[in-house]
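As structure tokens, the structure follows; a few thoughts come after it.
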Amino acid sequence: MQLSTTRPLGWRLVRIGIWLVVLLAAGILLSLFTGVAPLQIRSVLEQWILGEKSKELLIFQTIRFPRAVLGAVVGANLAVAGALMQAVTRNPLASPQVFGVNAGAALAVVLAIMSLPDIGKSNLVYFAFAGAILGGFTVFAFAASSGMTNLKIALVGMAVHLLLTSITKGAIIFNEQISDVMYWMSGSISGAAWTDVRMILPWSIGGMLLALGLSGPLSVFRLGEEVAIGLGQNIKVVRFLTCLSIVILGGSSVSVAGSIGFVGLMIPHIVRKLVGTDYRVVVPVSAWCGAVLVTFSDVLARLISYPFESPVGIVTALLGTPFFLYLASKKGKEMV
């Protein structure tokens, strides 16, 4: 009897896993060979195997390849951060963008570039962490006044996000030396290099391992604080470690790719529809789905105004805004 109830879910997960592998492989392949400079798969592979040097191979190795890898990593980070945030707050509209995490990180990075022009790119991640903490703390501080509800958190979060984003854009406009940061602010990985991948990868691995370690407690936490306490969980520790993982994943992503919105909002809902609410499954599947979404969005961003490129954040916003409005209307009664 036990086999008959668990086997269908197991086979379903296998099928979903196979589809995700195929989709991510297809997205990365499209990312590697889509752009203004035409690349031929056979020619690039032959040159790579034979160790030949050419402009075509140089573009592949130093521009397209790191961009594809960075897009997948950033997408995974943002999706998992959103899943963790929705679990710990039990708010269906929670995401790094809605809760001011992305905007706070972006503001801190821009201020660091303005005040410390010689700062190394690898050091920006620490400012992004500080800004992410500031953004999230500000949202919860205002939402906690006169009683906290899910709807109030979402409204305050969007207000703080818009405020911090406006301050950031104002600082950029009045400082001509960093005017090119405006493109990055919209969420872009067009200038990706292997240095960006090496910088974000250790933080991503650490944040992901922490998220996986918290997946079991978070599955219980979503049932309510009373249930979690009754089962012997230390909810303060769970909250703290979850917030730490969110800051690591969200802050490191913003430091290299800017503010790419709505990934952390959409993906967890889609994943829970596919695999259920067990976060031991939701977390890894969210990571994979987030990687797929950002990879394909980046490919689409190159084609929207070809031969010019658009920020990938524009594509995710076009997809995410209707999704946000749908969730707000569907879950509105539950959030009051």
Side-chain angles (χ1 to χ4, degrees), residues 76-105 108 126 128-158 160-161 164 203-254 263-265 267-269 271-272 277-284 286-287 290 331 334-335:
N77 285 359
L78 294 175
V80 172
L84 296 182
M85 193 169 282
Q86 289 174 15
V88 77
T89 63
R90 285 176 290 148
N91 186 333
L93 299 183
S95 74
Q97 183 188 34
V98 175
F99 274 52
V101 172
N102 283 2
Y126 300 106
F129 292 157
I133 294 171
L134 174 64
F137 177 79
T138 303
V139 170
F140 278 100
F142 278 102
S145 61
S146 66
M148 184 185 297
T149 65
N150 285 341
L151 179 60
K152 189 175 181 181
I153 293 174
L155 293 175
V156 171
M158 286 306 299
V160 171
H161 167 78
L164 295 179
W203 297 106
S204 300
I205 293 173
M208 286 290 178
L209 290 176
L210 182 57
L212 288 170
L214 292 166
S215 58
L218 284 176
S219 296
V220 178
F221 195 90
R222 289 189 73 253
L223 301 176
E225 292 185 13
E226 294 80 6
V227 175
I229 294 172
L231 293 174
Q233 287 191 8
N234 189 330
I235 60 173
K236 291 183 178 179
V237 173
V238 173
R239 274 204 187 102
F240 172 77
L241 292 177
T242 303
C243 291
L244 178 62
S245 180
I246 291 168
V247 167
I248 291 173
L249 296 172
S252 61
S253 298
V254 171
V263 177
L265 175 68
I267 293 299
H269 286 278
V271 170
R272 286 194 294 268
T277 58
D278 187 345
Y279 266 66
R280 291 171 297 182
V281 180
V282 169
V283 169
S286 292
K331 302 288 186 179
E334 303 173 15
M335 294 174 61

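These values consider heavy atoms only, across backbone and side chains, with no hydrogens, waters or symmetry-generated copies.
- Residues forming a side chain to side chain contact (heavy atoms under 4.5 Å, CB included) with I205 (at least two apart in sequence, or on another chain): L201, L209.
- The line from CG of L214 to CZ of R239 is 13.0 Å long, rounded to the nearest 0.5 Å.
- In plain terms, the two heavy atoms of V80 and A211 that are nearest each other are CG1-CB, 3.7 Å.
- Every residue two or more places apart in sequence or in another chain was checked for a ring pair (Phe, Tyr, Trp, His ring centres under 6.0 Å) with F240, and none qualifies.
- Nearest heavy atoms, Q86 versus G264: NE2-O, 3.4 Å.
- The side-chain heavy atoms of M208 and N77, taken from C-beta on, include a pair separated by under 4.5 Å.
- Atom CD1 of I133 sits about 11.5 Å away from atom OG1 of T138, to the nearest 0.5 Å.
- Atom-to-atom distance recorded for L218:CG and D278:CG is 11.0 Å, nearest 0.5 angstrom.
- Listed by chain and residue number, nothing satisfies the side-chain hydrogen bond (donor to acceptor under 3.5 Å, both in side chains) test with Q233 (two or more places apart in sequence, or in another chain).
- A103 and L164 get closest at one heavy-atom pair: CB-CB, 3.8 Å.
- The distance from atom OH of Y279 to atom CZ of F221, rounded to the nearest 0.5 Å, is 11.5 Å.
- Closest non-hydrogen pair, A94 versus T89, comes out as CB-OG1, 3.6 Å.
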